[in-house]
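Contents: one structure, followed by commentary.
Naming: A, B, ... by sequence-line order, numbering from 1 per chain. Heavy atoms only: backbone and side chains are in, while hydrogens, waters and symmetry mates are out.
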Number of protein chains: 2
Amino acid sequence: MNNKNKTFIDKLRSSGLRPTNQRVEISKFLFNRKKTFHFTVEELKNSMNLKRSKKISTATFYNTVHALKSAGHLKEFSLENNTSYYDTNITSHHHFFDNGKVIDIKSDKITFQKLPEAPKGKKIKNVEVVIRLENNN
Amino acid sequence: MNNKNKTFIDKLRSSGLRPTNQRVEISKFLFNRKKTFHFTVEELKNSMNLKRSKKISTATFYNTVHALKSAGHLKEFSLENNTSYYDTNITSHHHFFDNGKVIDIKSDKITFQKLPEAPKGKKIKNVEVVIRLENNN
DNA sequence: ACATACTTTAGAATAATTATAAAGTAGTTA
DNA sequence: TAACTACTTTATAATTATTCTAAAGTATGT
């Protein structure tokens with residue numbers, strides 16, 4: 001096992017998952033890239049399985065993505081189409097939504113002048129902004 | 001038809017819907033209340049049908065809610081559970097999310113110091129903030 | 001009251017996701 | 001290394017939210 005795989009395997013182990021072949025490939029596919037990756041499980045499955053002779057099963061994709069998410073290696077978000085989206089950028093940040101397309105906005109691009117207090121007994125876990133876009137005229 | 005029903009019927013007509021009995025009852029149930037109402041179609045169906053001997057069908061709930069939403073009388077939003085939620089408060093506003101519970105935040109409770117530009121050829125349709133809450137340890 | 005186009009409804013179909021249980025594999029132990 | 005045990009993978013069934021379909025019913029203009 002070469003060193004390049006180390007980080008992917010660590011993400012799996014810290015998610016409570018044994019690094020099986022399938023999982024290591026999924027983890028590589030997700031995290032071995034420069035830019036943030038936004039995806040649905042179905043999209044992930046299709047793009048990985050397209051190139052493979054031996055397909056990875058749907059259940060394995062769901063299990064792996066869920067475990068990575070629970071461990072905090074992926075972030076889940078929703079559009080208005082009853083599908084879960086995941087984001088490899090787990091730092092607190094914001095989004096443009098442009099007809100189903102999602103673009104990250106770095107956290108420091110948005111600052112607040114005024115924010116409400118949390119209700120009694122509660123505290124703020126995080127604040128996320130969605131800026132919906134439409135075409136110019 | 002008394003005057004009280006007028007506004008509910010108007011909402012239906014302006015959504016391109018004939019004011020049938022079922023639709024008028026749904027519209028009343030949704031809009032004849034002081035406070036904003038957040039719901040899923042399933043919740044709406046269950047709470048209305050519980051009291052009724054003659055049930056309104058699922059398809060009618062979906063059709064009516066969709067038409068009201070398309071006409072701008074309801075606003076749709078999503079949590080992370082692959083279900084569509086609707087909000088009778090259609091004014092631009094923000095939300096607290098507290099473990100599946102949703103609380104409105106008036107628009108003027110949040111103001112921005114800095115917001116990013118829209119990408120080229122696009123403009124901002126709206127900006128919505130979600131403040132996630134957790135319990136005070 | 002008639003005609004017609006729109007509605008309602010039960011039930012089938014679809015899409016995303018979760019559950020099941022049999023066959024396979026990783027990691028430990030002898 | 002062999003054997004064991006617990007964890008995995010997989011195909012398939014089940015579930016949930018939603019949409020579709022087509023037959024029977026109703027609103028609305030004349």
B/Pro19 has a side chain; which of D/dT18, D/dT19, D/dT28 sits nearest to it?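 Of the candidates, D/dT28 comes closest.
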How close or far is atom [atom2] of [N] from atom [atom1] of [X], stated in whole angstroms?
X: A/Arg23; N: D/dC7; atom1: CZ; atom2: P; value: 11 Å
X: B/Glu43; N: D/dT16; atom1: CD; atom2: C1'; value: 14 Å
X: A/Lys54; N: D/dA11; atom1: NZ; atom2: P; value: 7 Å
X: B/Arg13; N: D/dG29; atom1: CZ; atom2: C1'; value: 12 Å
X: B/Asn21; N: D/dT28; atom1: CG; atom2: P; value: 10 Å
X: B/Asn63; N: D/dT19; atom1: CG; atom2: P; value: 9 Å

Validation: residues 78-88 of chain A side-chain donor-acceptor distances under 3.5 Å, sequence neighbours left out:
| residue | atom | partner | partner atom | Å |
| --- | --- | --- | --- | --- |
| A/Ser78 | OG | B/Leu79 | O | 2.6 |
| A/Glu80 | OE1 | A/Arg132 | NH1 | 3.0 |
| A/Asn81 | ND2 | A/Tyr85 | OH | 3.2 |
| A/Asn82 | OD1 | B/Ser84 | OG | 3.1 |
| A/Thr83 | OG1 | A/Asn81 | O | 3.0 |
| A/Ser84 | OG | A/Glu76 | OE2 | 2.7 |
| A/Ser84 | OG | B/Asn82 | OD1 | 2.9 |
| A/Asp87 | OD1 | A/Asn89 | N | 2.7 |
| A/Asp87 | OD2 | A/His38 | NE2 | 3.2 |
| A/Asp87 | OD2 | A/His93 | NE2 | 2.9 |
| A/Asp87 | OD2 | A/His95 | NE2 | 3.1 |
| A/Thr88 | OG1 | A/Phe37 | N | 2.8 |

If you compare every side-chain N and O of B/His66 against the phosphate oxygens of D/dT19 (OP1, OP2), does one of them come in below 4.0 Å?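 B/His66 to D/dT19 OP1/OP2: side-chain N or O found under 4.0 Å.
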How do A/Glu42 and B/Arg18 order along DNA chain C: which one's closest nucleotide is nearer the 5' end?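 So the residue in question is B/Arg18.
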Taking any atom closer than 4.0 angstrom to a non-hydrogen atom of chain A, what span of DNA chain C does the protein reach, first nucleotide to last?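 Range of nucleotides touched by chain A: C/dA16 to C/dG27.
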Cluster question for you: counting only ILVMFWY and a side-chain heavy-atom cut-off of under 4.5 Å, with indirect links fine, are A/Ile105 and A/Leu115 together?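 Yes, A/Ile105 and A/Leu115 fall within the same hydrophobic cluster.
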Establish, from distance only, whether the side-chain atoms of B/Asn126 and B/Ser92 form a donor-acceptor pair under 3.5 Å.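 Side-chain D/A pair, B/Asn126 to B/Ser92: absent.
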